[in-house]
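Right, one structure below, let's go through it.
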Amino acid sequence: MNVLVIDVGGTHVKILATGQNDKREFASGPKMTAEQMVSGVRKLADGWTYDVVSIGYPGPVLPQSTSRRSEESGTRAG
């Protein structure tokens, strides 16, 4: 099973997939929309083969939603 890993950070979105040696990244920030993130990931992952996606997000995941700021709760989703 090949995994595409996406690390959503405050300044960059980084991706790496099973079998790849070099991560790829693009700039992010507080004004980045979900649509912009998906578009950026799709462009960078072009040509890579993967079966599933794993996403790291720097904030809590609450029932039915996510929080925009991790410092609101002092925890990290994991």
Side-chain angles (χ1 to χ4, degrees):
M1 177 180 300
N2 293 321
V3 180
L4 174 65
V5 177
I6 303 171
D7 177 14
V8 181
T11 60
H12 290 87
V13 173
K14 295 155 294 273
I15 69 169
L16 185 64
T18 304
Q20 301 299 318
N21 295 319
D22 298 315
K23 71 175 180 174
R24 298 177 180 177
E25 64 181 58
F26 62 94
S28 65
K31 294 184 180 184
M32 181 180 69
T33 66
E35 290 82 7
Q36 291 169 327
M37 188 200 76
V38 170
S39 176
V41 168
R42 286 181 138 175
K43 285 179 187 176
L44 290 184
D46 187 46
W48 287 359
T49 301
Y50 52 92
D51 304 302
V52 296
V53 176
S54 174
I55 300 176
Y57 164 79
V61 178
L62 307 171
Q64 305 297 320
S65 69
T66 59
S67 175
R68 298 186 118 197
R69 297 176 47 177
S70 60
E71 58 270 14
E72 289 175 1
S73 69
T75 63
R76 285 184 64 111

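When reading the values below, keep in mind they use all heavy atoms of this one structure, side chains included, and skip hydrogens, waters and symmetry mates. If you read the sequence from its start, that first residue is 1, and numbering goes on from there.
- In this structure, Leu4 and Val41 have side chains that are in contact, with non-hydrogen atoms separated by less than 4.5 Å.
- If you take CE on Met1 and OH on Tyr50, they are separated by 14.5 Å, rounding to the nearest 0.5 Å.
- Cluster annotation: Ile15 is not connected to Val3 through the hydrophobic network of ILVMFWY side chains, with a link wherever side-chain heavy atoms come within less than 4.5 Å.
- Put simply, CG on Leu16 and CD1 on Ile6 are 11.5 Å apart, with the number rounded to the nearest 0.5 Å.
- For Thr11, there are no side chain to side chain contact (heavy atoms under 4.5 Å, CB included) partners at least two apart in sequence or on another chain.
- For residues 16-28, the side chain to side chain donor-acceptor pair (under 3.5 Å) pairs, not counting sequence neighbours, are Gln20-Trp48, Lys23-Glu25.
- Applying the salt bridge (charged side-chain N to carboxylate O under 4.0 Å, His left out) definition to pairs two or more places apart or across chains, none involves residues 27-53.
- Under the 4.5 Å side-chain contact rule for hydrophobic residues, Ile55 and Val52 do not share a cluster.
- Summarising the geometry of Phe26 relative to Met32, their closest heavy-atom pair is CE1-SD, 4.0 Å, with the distance given to 0.1 Å.
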